[in-house]
Amino acid sequence: MIQAVEQIREMQAAMLPVASAVAETVRAFEESSAARQMLEIAENHKALMRAVVGPFEELLSGASALKLAWRDDMDLIRKMVEGFESRFRLPEIAESIQIIAEFRASGCFANISRQFAVDTSSLKLAIEAMRAPWVDIHEAAHSIAGFAGLQGIGQALKNMPAFDESVAAAIRVNLGDWRDRIAWPTNISTDLTARSEFYVGLGFNPALTDFPAPAFRQSLEIAGLRRQPPPALDRYASPVPRARSNDEEEGFVRTNLAHDWLQRLESHIRRFIDELMTRQYGPDWPRHRLPNNVYDQWQEKKRNALEAGAKGQPLIAYADFTDYENVICKRDNWREVFASFFRRPESVRESFQRLYPVRLDTMHARIITQDDELLLRAEVTRLVRVIIL
């Protein structure tokens with residue numbers, strides 16, 4: 001319980017600057033009389049809320065479950081979330097045909113249908129399965145396009161080869177083009193608005209995550225993107241039981257999910273690489289098949305771990321997250337071992353780069369946004385379909 005309270009307090013400290021920024025925007029909106037200024041401020045307010053609504057909801061849920069004393073700033077956050085959620089409605093089931101007809105007329109449907117082969121009947125069923133308000137009362141077409149895009153991504157990852165070029169290209173239209181090597185801005189780990197803008201700058205479609213947190217979760221579930229994490233090895237299974245309260249458990253879902261999924265994923269990536277490389281080149285493959293200086297780096301990490309009293313592990317256990325792409329895409333390794341699994345080396349780089357900011361944040365207990373969660377779920381789903389031998 002003490003650890004959980006500390007986690008909530010750390011989240012409060014991290015989110016307060018964002019809450020202040022949103023509050024400042026609201027105050028400026030109330031005081032402004034120029035129509036242009038009001039429109040610009042409203043748009044900034046919306047962008048900030050899209051970036052923080054998921055973490056805000058997690059913070060509120062966890063604080064409520066642990067019966068922490070409410071402060072003025074927590075009241076402000078609650079009012080902001082309620083104000084954001086009030087923009088959305090749940091359509092009547094009978095409206096689904098009309099919604100789809102309007103969506104088809106907008107021209108967006110043709111693009112999504114072409115990219116993901118989504119038909120009207122499957123989209124109608126998905127819309128009728130929603131139970132949380134999800135349609136923006138002011139921008140219905142925006143909500144429908146985002147919802148349809150999520151369903152398309154889920155359908156593509158379920159029914160088509162995960163690294164097929166047509167799948168990669170379709171996902172790229174929605175999640176952005178991450179193929180070129182990225183020089184990561186330092187502020188995307190600490191500034192949620194900067195992170196959101198960075199993703200959008202790469203081509204991320206903000207409509208995909210512009211929903212209240214409950215609607216976003218349901219959309220992912222219906223799309224098949226909120227399934228169980230990659231299987232864990234038995235020796236890594238957690239002995240800690242679930243929280244007694246569902247509210248308390250949900251309060252830590254986004255924070256813990258990314259860390260859990262990425263740890264499980266990395267254990268399987270390492271095993272995948274090690275088994276294939278050992279099969280092709282023998283057990284001493286790291287000595288001869290790693291990029292320059294990587295072998296020495298792994299050996300040094302192993303020596304340091306052993307000197308600190310840790311149990312010895314296979315050498316690949318000392319790989320960094322950024323090493324996986326370099327090993328897989330090394331020209332001879334790619335040609336002789338990995339090309340048949342991933343099709344194109346730039347797709348490997350793209351997949352790992354989409355995961356890198358999420359991975360970095362989880363290692364430092366930073367906030368995970370709905371954008372991050374979508375990137376995490378989509379790319380882990382793709383990689384697992386390839387690496388689980």
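The first residue in the sequence is number 1, and the count goes up from there. As the structure is a computational prediction, the values presented were derived from the model and not from experiment.
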Using a strict cut-off of less than 4.0 Å between a Lys/Arg side-chain nitrogen and an Asp/Glu carboxylate oxygen, indicate whether Glu379 and Arg382 qualify as a salt bridge.
-> yes
Donor-acceptor contact present, side-chain Thr362 to main-chain Arg359, <3.5 Å = yes
Are Leu175 and Leu202 linked, directly or through other ILVMFWY residues, by side chains that come within less than 4.5 angstrom of each other?
-> yes
Within 45° cone and under 6.0 Å: Arg343 NZ/CZ vs Phe163 ring = no
State plainly whether one hydrophobic cluster holds both Ile388 and Ile273, where clusters connect Ile, Leu, Val, Met, Phe, Trp and Tyr through side-chain heavy atoms under 4.5 angstrom apart.
-> yes
When you look at CD1 of Ile97, are more than 12 heavy atoms from neighbouring residues, nucleotides or ligands closer to it than 6.0 Å?
-> no
For the pair Ser196 (side chain) and Leu192 (backbone), establish whether a donor and an acceptor sit closer than 3.5 Å, ignoring hydrogens and angles.
-> no
Residues Asp332 and Arg335 bridged, charged N to O under 4.0 Å | no
Assess the pair Phe147 and Phe211: is the distance between their ring centroids shorter than 6.0 Å?
-> no
Donor-acceptor pair between Gln151 and Gln155 side chains, under 3.5 angstrom | no
Under 3.5 Å, side chain of Asn326 to main-chain N/O of Thr322, donor-acceptor pair present?
-> yes
Polar side chain donor-acceptor pair, Tyr324 to Glu266, under 3.5 angstrom | yes
Any side-chain heavy atom of Pro91 within less than 4.5 Å of one from Met130?
-> no
Salt-bridge criterion met for Lys330 and Glu325 (N-O under 4.0 Å) | no
Salt bridge present between Arg270 and Glu275 (N-O < 4.0 angstrom) | no
For the pair Gln370 (side chain) and Thr209 (backbone), establish whether a donor and an acceptor sit closer than 3.5 Å, ignoring hydrogens and angles.
-> yes
Can we call the ring centroids of Phe321 and Phe352 under 6.0 Å apart?
-> yes
Kindly say whether Ser86 contributes a backbone atom to a donor-acceptor pair with the side chain of Arg89 at under 3.5 angstrom?
-> no
What about Leu360 and Phe198, same hydrophobic cluster or not, with Ile/Leu/Val/Met/Phe/Trp/Tyr joined at side-chain heavy-atom distances under 4.5 Å?
-> yes
Under-4.0 Å salt bridge between Arg303 and Glu307 = no
Whether Tyr318 side chain and Gln313 backbone form a donor-acceptor pair below 3.5 Å | yes
salt_bridge(Glu139, Arg87) N-O dist < 4.0 Å | no
Would you check if the side chain of Asp361 reaches a backbone N or O of Ile368 as a donor-acceptor pair within less than 3.5 Å?
-> no
Test Asp372 against Thr369 for side-chain hydrogen bond (donor to acceptor under 3.5 Å, both in side chains), laying out the working first.
-> CA-CA 5 Å; Asp372 295 322; Thr369 67; 3.0 Å; yes
Answer yes or no on whether Arg349 is positioned over the face of Trp178, meaning its NZ or CZ is under 6.0 Å from the six-membered ring centre and within 45° of the axis.
-> no
Determine, for Arg217 against Glu221, whether the closest basic-nitrogen to carboxylate-oxygen distance falls under 4.0 angstrom.
-> no
Check whether any side-chain heavy atom of Glu346 sits under 4.5 Å from a side-chain heavy atom of Asp180, and report yes or no.
-> no
